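Questions regarding the structure given below will be posed in turn.
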Amino acid sequence: MVALYDTASGVRRELLLRRPGELAMYVCGPTVYDAAHLGHGRHMLVWDVARRFFASRGLAVTYVSNITDIDDKIIERAALLGIPPSELARMEEERWWKISDELGVLRPTHAPRATEYVPDMVDFLRRLAEAGAAYEAADGLYFDTSSVPGYGLLARQSLDSLRAGARVATNVAKRAPFDFALWKAAKPGEPSWDSPWGPGRPGWHTECVVMSLDLLGEGFDLHGGGMDLAFPHHENERAQAAAAQVGFAGHWAHHAFVTAGGEKMSKSAHNFSTLASLTEAHDPRSYRLLVLRSHYRQPLEVTPETVSQAEEALSRLDAFARRFAPEGPLGIAVAPEEALLQAFVAAMEDDLDTPAALAALFEALRSANTLADGGDAQRAHALARAVLECFAVLGLEPAAGSDASPEVKELLRLRDMARRDRDFAAADHLRERISALGWVVEDTPLGSRLHR
RNA sequence: GGCGGCGUGGCCGAGUGGCUUAGGCAAGGGCCUGCAAAGCCCUGUACCCGGGUUCGAUUCCCGGCGCCGCCUCCA
């Protein structure tokens with residue numbers, strides 16, 4: 001049983017599956033108009049780890065994450081750059097996938113684009129209009145939030161109490177501040193599609209409803225995203241589904257933000273660092289480890305120092321993997337230590353408690369080293385295998401042992417001979433030459449070893 | 001103004017009414033090693049402030065102070 005905090009009910013509760021053995025999850029993807037920053041990275045990694053974990057438990061996971069490729073921001077930015085919005089979107093989408101791959105994030109099962117769903121969205125909006133949940137105004141079609149009982153659920157506030165907090169002068173065309181655009185009439189020069197309400201484009205909140213229902217079906221299991229999407233975006237999705245009388249997400253999960261100097265990292269606050277700048281300077285796995293060391297519902301402070309700290313921890317994992325490499329000289333075929341696997345699963349099933357899971361793994365890592373130091377190879381390997389299996393579930397694989405060049409290997413051979421002859425001056429000199437070529441030599445009871 | 005969250009050792013970050021007081025990184029000492037690397041062991045006055053409840057609170061309650069999020073596009 002997986003306990004997961006549910007934003008709609010405000011408590012941690014069991015993640016119930018529509019169909020046993022299958023998990024249908026939807027996670028709101030990016031609006032592609034600019035480079036992805038560390039906050040987006042946390043987002044990708046949190047849900048990547050969630051789906052990897054669920055899959056490791058034997059669930060058939062269908063993971064859908066959309067690409068918003070038509071939106072005000074895209075139109076604005078494209079105009080600034082003097083290129084068509086569609087070109088900008090395609091370019092930025094490519095960048096998104098590139099960085100996602102670099103972070104080792106598995107591609108979604110489906111990654112639908114909003115522009116590919118416009119006719120379906122128009123159909124859906126027609127249904128909303130027929131249900132009396134939409135009204136036309138001068139600049140488009142709007143959703144009538146008062147038509148949905150319990151509007152405000154995901155904000156955990158009533159419509160009245162939300163109204164009390166309205167801070168911004170709202171669009172005068174709307175009847176009420178929280179009503180939102182379903183269809184935006186096109187202004188001259190803007191991309192547009194035909195509709196019963198004239199040429200225009202869909203409002204942002206509609207694509208996710210239509211695409212999730214199309215690809216996952218009614219009453220899918222889990223809907224995820226950043227906490228900033230809970231209200232109004234997700235609430236608006238929920239409201240539309242309710243108005244159309246279709247079953248929507250059974251469970252809502254939201255993750256907290258990346259902070260910089262205690263403040264939410266965001267494009268509008270101009271306090272963001274791009275993921276690309278991080279992966280250029282650090283092992284991309286270090287960010288995954290850093291993200292997983294905190295709980296997904298807690299804010300996470302990211303600084304160059306914390307990234308470096310994670311990178312150091314990672315080198316320990318890599319050294320560990322070298323020591324217990326299945327194909328290495330110490331390689332012993334044993335079953336993974338069951339107790340650790342169970343502890344790992346228990347932590348993950350407890351609202352995806354990756355900090356607890358990692359604590360257990362690092363503790364086990366130390367135990368395995370201690371056991372191996374003490375000569376208990378069997379138990380050490382059983383534990384090590386479990387450790388590495390669990391890290392793999394989290395998407396943290398040891399660094400691939402890239403092959404040293406023939407030159408380096410020859411130098412190592414010469415050094416081994418020098419050491420055997422106890423000519424340590426020569427051995428040390430050779431080690432320096434190897435080091436200058438970017439390799440570290442480790443002497444072990446079973447012979448010398450190279451790594452980057 | 002409404003709703004919600006946070007304040008933990010040099011840094012990051014879990015957690016708990018008392019028990020061996022997570023884990024990572026860093027620091028100091030030691031073991032191992034020809035020397036390293038890797039590994040292991042040991043060490044450090046941690047829980048924002050003030051009340052209250054309690055035999056006992058970092059943990060529960062009340063009140064402060066400070067910080068942050070959502071209510072507007074936003075992972």
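Sequence lines set the chain letters: A, B, ... in the order given, protein chains first and strands last, and positions in each chain run from 1. Small disclaimer: the values here were computed from a predicted structure and weren't measured.
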Minimum-distance nucleotide (side-chain atoms of A:Asp373 versus B:rC12, B:rG23, B:rC40):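 Taking heavy atoms from C-beta onward, the closest nucleotide is B:rC40.
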
Residues A:Val49 and A:Leu292: closest non-hydrogen pair is CG2-CD2, 3.7 Å

Residues A:Leu23 and A:Phe54: closest non-hydrogen pair is CD2-CD1, 3.2 Å

When rounded to whole Å, the CG to C1' distance for the pair A:Leu396 and B:rG24 reads 13 Å

My understanding is that only residues two or more places apart in sequence, or in another chain, count here; which of them pass side-chain hydrogen bond (donor to acceptor under 3.5 Å, both in side chains) with A:Lys73?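 With sequence neighbours excluded, A:Lys73 shows a side-chain hydrogen bond (donor to acceptor under 3.5 Å, both in side chains) to no residue whatsoever.
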
Contact check, residues 28-53 of chain A vs RNA chain B, heavy-atom distance under 4.0 Å, returns A:His37, A:Gly39, A:His40, A:His43

Practice item. Would you kindly check if the NZ (Lys) or CZ (Arg) of A:Arg297 is within the cone defined by 45 degrees around the ring axis of A:Tyr5 and under 6.0 Å from the six-membered ring centre? Key: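 Judged by the rule (NZ or CZ under 6.0 Å from the ring centre, within 45° of its axis), A:Arg297 counts as positioned above A:Tyr5.
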
Looking only at B:rC25, B:rA22, B:rG13, the nucleotide nearest the A:Arg316 side chain is B:rC25

Below 3.5 Å is the cut-off: list the nitrogen or oxygen pairs between protein and nucleotides 3-5 of chain B, distance only.
unit_1: B:rC3; atom_1: O4'; unit_2: A:Gln157; atom_2: OE1; d: 3.4

ask   = Could you state the CZ-C1' distance from A:Phe344 to B:rG23, rounded to the nearest angstrom?
value =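 Spelled out: CZ on A:Phe344 to C1' on B:rG23 is 15 Å.
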
Exercise. Could you give the distance separating B:rC48 and B:rG30 at their P atoms, to the nearest angstrom?
Key: 35 Å

* Asked: Nearest 0.5 Å, what's the CD-CE distance between A:Gln240 and A:Met121?
  ->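 If I round to the nearest 0.5 Å, the distance is 10.5 Å.
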
- Task: Measure from CG on A:Leu159 to P on B:rC70 and round the result to the nearest Å.
- Result: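 About 20 Å, once rounded to whole Å.
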
Tell me: CE of A:Met227 to P of B:rC73, nearest whole Å?
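The answer, rounded to whole Å, is 19 Å.
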
For B:rG34, the nucleotide meeting Watson-Crick or G-U wobble distances (both under 3.5 Å) is none

Euclidean distance, A:Asp144 CG relative to A:Phe180 CZ, rounded to 0.5 Å:
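Going from the CZ atom of A:Phe180 to the CG atom of A:Asp144 covers 10.0 Å.
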
>> Ring of A:Tyr135, cation from A:Arg175 - is the NZ or CZ under 6.0 Å from the centre and inside 45° of the axis?
In response: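 Yes, A:Arg175 and A:Tyr135 form such a contact.
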
Between A:Lys264 and B:rA75, is there a side-chain N or O to OP1/OP2 distance below 4.0 Å?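 Checking A:Lys264 against B:rA75: no side-chain N or O falls below 4.0 Å of OP1 or OP2.
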
To the nearest angstrom, how far is A:Tyr296 atom OH from B:rC6 atom P?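 Between P of B:rC6 and OH of A:Tyr296: 14 Å.
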
#### Entry: Spacing of the C1' atoms in B:rG2 and B:rU8 (rounded, Å)
30 Å

I'd like to know whether the aromatic ring centres of A:Phe324 and A:His381 sit less than 6.0 Å apart in this structure.
yes

Q | Length of the CZ-P vector between A:Arg452 and B:rA38, whole Å | A |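 Going from A:Arg452 (CZ) to B:rA38 (P), I get 17 Å.
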
Round to the nearest Å and state the distance from A:Arg285 atom CZ to B:rG24 atom P.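 Result: 17 Å.
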
When we call it a touch if two heavy atoms are under 4.0 Å apart, what does A:His255 touch: a base, just sugar-phosphate, or nothing? base

For the P atoms, the ones on B:rA57 and on B:rC49, what distance do you get once it is rounded to whole angstrom? 14 Å

- Query: For B:rU54, which nucleotide in any strand shown is its Watson-Crick or wobble partner with both distances under 3.5 Å?
  - Reply: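 By the stated definition (distances under 3.5 Å), nothing pairs with B:rU54.
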
Pairing partner of B:rC67, by Watson-Crick or G-U wobble and under 3.5 Å for both distances, is B:rG5

task: Using a strict 4.0 Å threshold on nitrogen-to-oxygen distance, state whether A:Arg431 and A:Asp428 make a salt bridge.
output: yes

Discussion item. A side-chain contact here means heavy atoms from C-beta on lying under 4.5 Å apart; do A:Leu154 and A:His233 qualify?
Written reply: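 Counting from C-beta outward, A:Leu154 and A:His233 never come under 4.5 Å.
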
- Query: Ring centres of A:His40 and A:His37 under 6.0 Å apart?
  - Reply: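 Yes.
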
Working to the nearest 0.5 Å, report the span between CG of A:Leu103 and CZ of A:Arg285.
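One gets 12.5 Å once the value is rounded to the nearest 0.5 Å.
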
* Nucleotide opposite B:rU16 in a Watson-Crick or G-U pair, distances under 3.5 Å ->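 WC or wobble partner does not exist here.
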
Using Watson-Crick geometry (N1-N3 plus N6-O4 or O6-N4) or G-U wobble (N1-O2, O6-N3), each under 3.5 Å, B:rU43 is paired with B:rA27

From CZ of A:Phe178 across to C1' of B:rC70 the rounded distance in Å is 10 Å

Sorted by number, residues from residues 61-77 of chain A placing a heavy atom under 4.0 Å from RNA chain B are A:Lys73

_Under 4.0 Å, heavy atoms only, any strand: does A:Phe320 hit a base, just the sugar-phosphate, or nothing?_
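The answer is nothing, as A:Phe320 stays clear of every strand by at least 4.0 Å.
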
A:Phe272 six-ring centre to A:Lys264 NZ/CZ under 6.0 Å and within 45° of normal: no

So, with a heavy-atom separation below 4.0 Å from RNA chain B, the residues of residues 287-294 of chain A are A:Arg293, A:Ser294

(message) Can you confirm if the aromatic rings of A:His254 and A:His234 lie within a centre distance of less than 6.0 Å?
(response) yes

query: Start at the 5' end of RNA chain B and walk down; is the nucleotide closest to A:Gly226 or to A:Ser315 reached first?
result: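 Going by which nucleotide is closer to the 5' end, it is A:Ser315.
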
Should the side chain of A:Gln309 and the base of B:rG24 be counted as holding a donor-acceptor pair, with the cut-off at 3.5 Å?
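Indeed, a donor on one side and an acceptor on the other fall under 3.5 Å apart.
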
P-based separation of B:rC65 from B:rA26 [nearest Å]
40 Å

Restricting both atoms to N or O, compile the protein contacts to nucleotides 34-37 of chain B shorter than 3.5 Å, with distance only.
unit_1: B:rG34; atom_1: O6; unit_2: A:Arg419; atom_2: NE; d: 3.1
unit_1: B:rG34; atom_1: N1; unit_2: A:Asp428; atom_2: OD1; d: 3.0
unit_1: B:rG34; atom_1: N2; unit_2: A:Asp428; atom_2: OD1; d: 3.3
unit_1: B:rG34; atom_1: N2; unit_2: A:Asp428; atom_2: OD2; d: 2.5
unit_1: B:rC35; atom_1: O2; unit_2: A:Arg431; atom_2: NH2; d: 2.4
unit_1: B:rC35; atom_1: N3; unit_2: A:Arg431; atom_2: NH1; d: 3.1
unit_1: B:rC35; atom_1: N4; unit_2: A:Asp443; atom_2: OD2; d: 3.1
unit_1: B:rA36; atom_1: N6; unit_2: A:Asp443; atom_2: O; d: 3.2
unit_1: B:rA36; atom_1: N1; unit_2: A:Asp443; atom_2: N; d: 2.9
unit_1: B:rA36; atom_1: N1; unit_2: A:Asp443; atom_2: OD2; d: 3.2
unit_1: B:rA36; atom_1: N3; unit_2: A:Arg431; atom_2: NH1; d: 3.1
unit_1: B:rA37; atom_1: N1; unit_2: A:Asp443; atom_2: O; d: 3.2

Comparing nearest nucleotides in RNA chain B, the 5'-proximal residue of the pair A:Ala359, A:Glu301 is A:Glu301

- Message: Taking the six-membered ring of A:Tyr63 as reference, does the cationic atom of A:Arg51 (NZ for Lys, CZ for Arg) lie under 6.0 Å from its centre and within 45° of its axis?
- Response: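 Geometry flag: set, cation within 6.0 Å and 45°.
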
### Message
Assess the residue pair A:Phe178 and A:Phe231 against the criterion (ring-ring contact (aromatic ring centres under 6.0 Å, His included)); give the C-alpha distance rounded to whole Å, side-chain angles, the decisive distance to 0.1 Å, and a yes or no.
### Response
CA-CA 11 Å; A:Phe178 289 100; A:Phe231 190 90; 5.8 Å; yes

Would you say A:Arg113's side chain and A:Arg90's backbone share a donor-acceptor pair under 3.5 angstrom?
no

Atom P, compared across B:rU45 and B:rU21: separation rounded to whole Å = 15 Å

| said: Taking B:rG69 as the reference, what is the distance to B:rA37 when you measure between their P atoms (whole Å, please)? | reply: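 Nearest-Å result for B:rA37 against B:rG69 at atom P: 44 Å.
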
Practice prompt. Looking only at side-chain atoms of A:Leu300, point me to the closest of B:rA75, B:rC71, B:rG13.
Written response: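 Of B:rA75, B:rC71, B:rG13, B:rG13 is nearest to the side chain of A:Leu300.
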
* To do: Pick the C1' atom in B:rC73 and in B:rG64, then give their distance to the nearest Å.
  =>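 After rounding to an integer number of Å, I get 36 Å for this pair.
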
Looking across every strand, which nucleic acid part, if any, lies under 4.0 Å from A:Ala356 by heavy atom: base, sugar-phosphate, or nothing? nothing

